[in-house]
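Below you'll find the structure, written out as structure tokens, and then a few comments.
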Number of protein chains: 2
Amino acid sequence: MIKRKTVTKSLECKVRITAITDTMQVLSGKWKIHILGTLLQGGKMRFMDLLREIDGIAAKMLSKELQDLEMNQLVTRTVVDTKPITVEYEVTEYGKTMEPIIDEIANWGVFYRNRLHGKTE
Amino acid sequence: MIKRKTVTKSLECKVRITAITDTMQVLSGKWKIHILGTLLQGGKMRFMDLLREIDGIAAKMLSKELQDLEMNQLVTRTVVDTKPITVEYEVTEYGKTMEPIIDEIANWGVFYRNRLHGKTE
DNA sequence: TGCATTACTTACCAATTGGAAACTAGTTTC
DNA sequence: GAAACTAGTTTCCAATTGGTAAGTAATGCA
């Protein structure tokens, strides 16, 4: 007799796991959520704006993460022909669909801090 | 004379960044969201159930990640005195507050796949 | 001429992550 | 007594991540 216990491994379950893996891959690394969050709040921002705004990030990281986000069509990169050329980054409409995730994550973090300090809501 | 460039660096902004960092730390690693997601769907589950259910995870990783989740009070670990002892893992009430995040992440992943296949817009 | 600013890129290095495989240990079944 | 199942732990190693610092290139200002 073969014992088959959990049959929960449904198609639905696998789809969910794939979906989560996909999202986390798009948001991989220490900085993407912060960059996206900052751009969602600030609208059009230049490279140096982001570098100053996001505490602790290095130019190399910002550059690389922006490239990743651009590749995934979450942000656009526009070179502006100013005195010294500037580059504007902006979240795409598609990128804005990430907002609910980022908001939930931020909300939970606040909730978490409150709980640590003994505050019940 | 003090030069002020970006003034967007408000307290609210810093709180948000801290909140996001906190959450992502609690959910750090490749597997925690999957474990949590699986436990949220399956209720009480044993170690071996999880090992079989979560495709690709190794015992070492499952063990370590479950310890992390337990430390953060997101799951409970209960030793059951069965024939060969079994250990049951379950998401705490606190852990269930992660559900909105995980759902949003899963939803976005589905949306992402749909966009890749066809819907050019 | 030399320094500053913008937006990067490159090189190097250290720490962390995570995977494979083997091993522990108690109990039950053949 | 051997094999198998439970729930892990341990070791060893490779890949990835991310940080520092320096370099590049174009332009403008004193």
Side-chain angles (χ1 to χ4, degrees), chain A residues 1-6 17 20-21 24-36 38-39 42 44-72 75-90, chain B residues 1-6 17 20-21 24-36 38-39 42 44-72 75-90:
Chain A
M1 272 180 183
I2 301 161
K3 267 192 183 175
R4 274 281 157 258
K5 306 177 178 193
T6 44
I17 287 181
I20 291 174
T21 306
M24 294 319 287
Q25 211 153 291
V26 171
L27 292 178
S28 67
K30 198 176 164 182
W31 299 109
K32 289 199 193 72
I33 298 185
H34 292 300
I35 295 170
L36 233 35
T38 306
L39 279 173
K44 268 184 197 147
M45 293 181 79
R46 290 175 302 150
F47 187 86
M48 278 294 145
D49 289 341
L50 288 166
L51 202 57
R52 278 186 284 257
E53 196 72 17
I54 302 168
D55 215 47
I57 198 170
K60 170 191 145 185
M61 275 297 123
L62 181 55
S63 173
K64 197 213 123 213
E65 300 289 74
L66 281 169
Q67 278 172 30
D68 288 356
L69 291 171
E70 204 196 340
M71 246 192 296
N72 281 309
V75 307
T76 52
R77 180 181 180 275
T78 316
V79 178
V80 186
D81 194 14
T82 44
K83 322 105 198 216
I85 63 140
T86 51
V87 180
E88 280 177 357
Y89 292 93
E90 196 174 10
Chain B
M1 272 162 214
I2 301 158
K3 259 197 187 172
R4 273 197 219 145
K5 308 147 196 194
T6 44
I17 287 181
I20 291 174
T21 306
M24 294 320 287
Q25 210 153 292
V26 171
L27 291 178
S28 68
K30 198 175 165 183
W31 299 108
K32 289 198 192 72
I33 299 184
H34 292 300
I35 295 170
L36 233 35
T38 305
L39 279 173
K44 268 184 197 148
M45 292 180 80
R46 290 175 302 150
F47 187 85
M48 277 294 145
D49 289 341
L50 288 166
L51 202 58
R52 278 187 284 256
E53 197 72 17
I54 303 168
D55 215 47
I57 199 169
K60 171 192 144 186
M61 276 298 123
L62 181 56
S63 173
K64 196 213 123 214
E65 300 288 74
L66 281 169
Q67 278 171 30
D68 288 356
L69 291 171
E70 204 196 340
M71 247 192 296
N72 281 308
V75 307
T76 52
R77 179 181 181 276
T78 315
V79 178
V80 186
D81 194 14
T82 43
K83 316 107 198 225
I85 64 140
T86 51
V87 180
E88 280 178 356
Y89 292 93
E90 196 173 13

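Quick note on labels: first sequence line is chain A, next is B, and so on, each numbered from 1.
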d([atom1], [X]; [atom2], [N]) in whole Å:
{"X": "A:Met45", "N": "C:dT6", "atom1": "CE", "atom2": "C1'", "value": "15 Å"}
{"X": "A:Lys64", "N": "C:dA11", "atom1": "NZ", "atom2": "C1'", "value": "16 Å"}
{"X": "B:Met24", "N": "C:dT16", "atom1": "CE", "atom2": "C1'", "value": "16 Å"}
{"X": "B:Ile35", "N": "D:dG8", "atom1": "CD1", "atom2": "C1'", "value": "14 Å"}
{"X": "B:Met48", "N": "D:dA4", "atom1": "CE", "atom2": "P", "value": "15 Å"}

Side-chain N or O of [X] less than 4.0 angstrom from OP1 or OP2 on [N]?
{"X": "A:Lys30", "N": "D:dG19", "value": "yes"}
{"X": "B:Arg77", "N": "D:dG8", "value": "yes"}
{"X": "B:Thr86", "N": "D:dT6", "value": "no"}
{"X": "B:Ser63", "N": "D:dG8", "value": "no"}
{"X": "B:Gln67", "N": "D:dT9", "value": "yes"}

Non-hydrogen atoms of [X] and [Y] that approach each other most closely:
{"X": "B:Leu39", "Y": "B:Tyr89", "value": "CD2-O, 3.5 Å"}
{"X": "A:Leu62", "Y": "A:Leu51", "value": "CD2-N, 3.6 Å"}
{"X": "A:Ile17", "Y": "B:Glu53", "value": "CD1-O, 4.5 Å"}

**Prompt:** Can you tell if the side chain of A:Leu69 reaches within under 4.5 Å of the side chain of A:Lys32, non-hydrogen atoms only?
**Reply:** yes
**Request:** Side-chain contact test, heavy atoms from C-beta onward, threshold under 4.5 Å: evaluate it for A:Met45 versus A:Thr38 and give yes or no.
**Result:** yes
**Message:** Within the 4.0 Å heavy-atom criterion, would you say B:Gly56 contacts the bases, only the backbone, or no part of the nucleic acid?
**Reply:** nothing
**Asked** Is B:Ala58 touching bases, backbone alone, or none of the nucleic acid, heavy atoms closer than 4.0 Å?
**Response** nothing
Closest nucleotide among [options] to the [X] side chain:
{"X": "B:Met61", "options": "D:dG8, C:dG18, C:dC8", "value": "C:dG18"}
{"X": "A:Arg52", "options": "C:dC8, D:dT20, C:dT6", "value": "C:dT6"}
{"X": "A:Lys60", "options": "C:dA21, D:dT20, D:dG8", "value": "D:dT20"}

**Fill in**
Nearest-nucleotide check on DNA chain D, A:Ser28 vs A:Thr82; residue mapping nearer the 5' end is A:Ser28
**Prompt:** Relative to the 5' end of DNA chain D, which residue comes earlier, A:Glu65 or A:Ile85, by the nucleotide with the nearest heavy atom?
**Reply:** A:Glu65
**Fill in**
Judged by nearest nucleotide, the residue sitting upstream toward the 5' end of DNA chain C, A:Ala59 or B:Gly29, is A:Ala59
